[in-house]
Structures are given as structure tokens and as C-alpha cells.
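Remarks on the structure that follows.
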Amino acid sequence: MATPATLPIANPQTNNTTTTTQSQAPIATPAFRAFLSRLSSSIRYGFSQRRPWSELVDRTAMSRPDSLAEAYSRIRKNLSYFKVNYVTLLGLVLAFSLLSHPFSLLVLLCLLGAWIFLYLFRPSDQPVVLFGRTFSDRETLGALVVLTIVVVFLTSVGSLLISASMVGAAIVCAHGAFRVPEDLFLDEQEPINSGFLSFLGGAASAAAPSVAARV
């Protein structure tokens, strides 16, 4: 006697699980990948524009400025020439300050993660749901802005960042005022009044569309 054919039986629970998994887009959205790619390219390009550190610490090129006007002129020229080196110095000062205060570093990382996962690169069709309440994009943005203000201005994190930035800026200005720029030659494509962080503009332009789409 022939064996009856076995009919396939679909498992509703498995199908629902698969559908739910597919509907939840991961954080690695195209906008996030584009941002990381542009940021990586901008950082590599920026470091390729770094001047030799031997030029930065050349003691034979150091002299006291005769006036405030000369000091300002030196700072302006040196900022354009050593801008990548100066940004690196500022980053090292900030990193040292944050590493010496682990709690502040942890708070900043949590704040950055909140911006990334809850607003900047969250899929627009997935609202934020907390404690059974759904928050719109504007409500999420407002809450993140308020949280950022509280963290930066009402805690020790803000004073730490400001003090570290002031120390780094003082080091940069002191070096720029005493470094004689006569032996430095700017590239023709880099005017003196170019932005201090102009080499990182590509990463910001990559993130702008995803932010503008939510506002």
C-alpha cells in the first residue's frame, strides 16, 4: 500500500520570529557605514597632511615676538601650517584628561552612544519605545539635547573638557607665538585663512543628510 504524501506544516512562531528579525534593521545602516567610511577617509587624509614633528620642535626657529601684532601673525600662519599637529596635541591633552578621570570618560561614551543609537543612525521607521511609551523624533532629539546640556554644563565633565581645552589652546598659542614661520611654506591650495578643522569636513558632510532628514 502506498504511503500517503507528507504535507509541509508551517510553524507560525518560527515565521513570526523570522519576520520580526528581518524587520529590525541593525545599527550598521547605509548612512552609518557611509559616515564611518567618510570619517576614516578624512582622518587618513588629515594625518597625511601632518607636518614633520621635527619642524614643530625645532629650537633654532624659536624666538620671542617683538609685539602682540607679530605674535598674532605668527599664530595665524603656524595654525595654517601645523593645524594637524596642533589638533593631535589637543586630542592628546583631552585624552590624558579623560583617562585620568574614568568616570567622566564613561559618561561621555554613554552620551555618545545615546546619540548614535537613539537618533543619528536609528532607522526612521523604528521609533524609540521606553516604558511602554513611544517617543517621536522631535521628542527624542529634545531629550538628547537636554541630557547633553546637563552632562556638559551641570556636571564635572564640562569643567574637565573646558579646562583640558584651555590647556591645549594655551600650548598651541604659546608655540605659535614663539615659532618663527619664515621658513614655512604653505601649499598653494591651502590659504592662510583655511579652517582649523577643515580636513575633517568630509565626515561632517556625510552625517548631515541623516540628521537633516529627521528634523
Side-chain angles (χ1 to χ4, degrees), residues 24-29 31-40 42-44 46-47 50 75 79 82-124 126-177 195-215:
Q24 293 179 352
I27 187 61
T29 59
F32 187 67
R33 290 196 297 267
F35 171 78
L36 291 180
S37 178
R38 294 292 293 274
L39 179 62
S40 176
S42 298
I43 292 177
R44 286 198 299 269
F47 277 105
R50 186 184 67 248
I75 292 174
L79 279 179
F82 292 114
K83 58 185 175 184
V84 179
N85 303 74
Y86 286 157
V87 169
T88 304
L89 288 176
L90 285 174
L92 290 176
V93 172
L94 286 172
F96 177 78
S97 300
L98 290 174
L99 289 176
S100 61
H101 297 79
F103 177 75
S104 298
L105 177 60
L106 179 62
V107 171
L108 282 180
L109 290 177
C110 292
L111 181 62
L112 178 62
W115 274 99
I116 290 177
F117 288 96
L118 296 180
Y119 188 78
L120 290 178
F121 301 107
R122 175 178 54 82
S124 59
Q126 295 185 8
V128 177
V129 180
L130 293 176
F131 306 107
R133 186 182 185 279
T134 301
F135 293 86
S136 64
D137 286 340
R138 291 186 181 275
E139 291 174 335
T140 304
L141 176 61
L144 288 174
V145 169
V146 172
L147 179 62
T148 302
I149 293 175
V150 171
V151 169
V152 174
F153 295 102
L154 300 181
T155 65
S156 60
V157 176
S159 60
L160 176 65
L161 293 177
I162 292 175
S163 59
S165 299
M166 292 179 64
V167 170
I171 295 174
V172 169
C173 290
H175 179 272
F196 190 48
L197 296 176
S198 58
F199 59 90
L200 292 179
S205 62
S210 62
V211 176
R214 296 180 179 273
V215 179

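In this text the structure is predicted, and so the values were computed from the model without any measurement.
- Annotation: the span from L90 atom CG to N85 atom CG amounts to 11.0 Å, rounded to 0.5 Å.
- Considering OG of S97 and CG of L105, their distance stands at 11.0 Å, rounded to 0.5 Å.
- Of all non-hydrogen atoms in I75 and A177, the two that sit nearest each other are CG1-N, 3.5 Å.
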Check your understanding: Under the side-chain contact (heavy atoms from CB on, under 4.5 Å) criterion, do V107 and T155 qualify, and how do the steps go?
Key -> CA-CA 10 Å; V107 171; T155 65; 5.7 Å; no
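- Remark: L161 CG to L94 CG distance equals 6.5 Å, nearest 0.5 Å.
- Interatomic distance, CZ of F153 versus CD1 of I162, reported as 6.5 Å (0.5 Å rounding).
- Rounded to the nearest 0.5 angstrom, L141 CG and W115 CH2 are separated by 5.0 Å.
- The CG atom of L160 sits 5.5 Å away from atom CG of L98, with the distance rounded to the nearest 0.5 Å.
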Practice item. Give the C-alpha distance, both sets of side-chain angles, the deciding distance and a yes or no for side-chain contact (heavy atoms from CB on, under 4.5 Å) between V157 and L111. Key: CA-CA 11 Å; V157 176; L111 181 62; over 6 Å; no
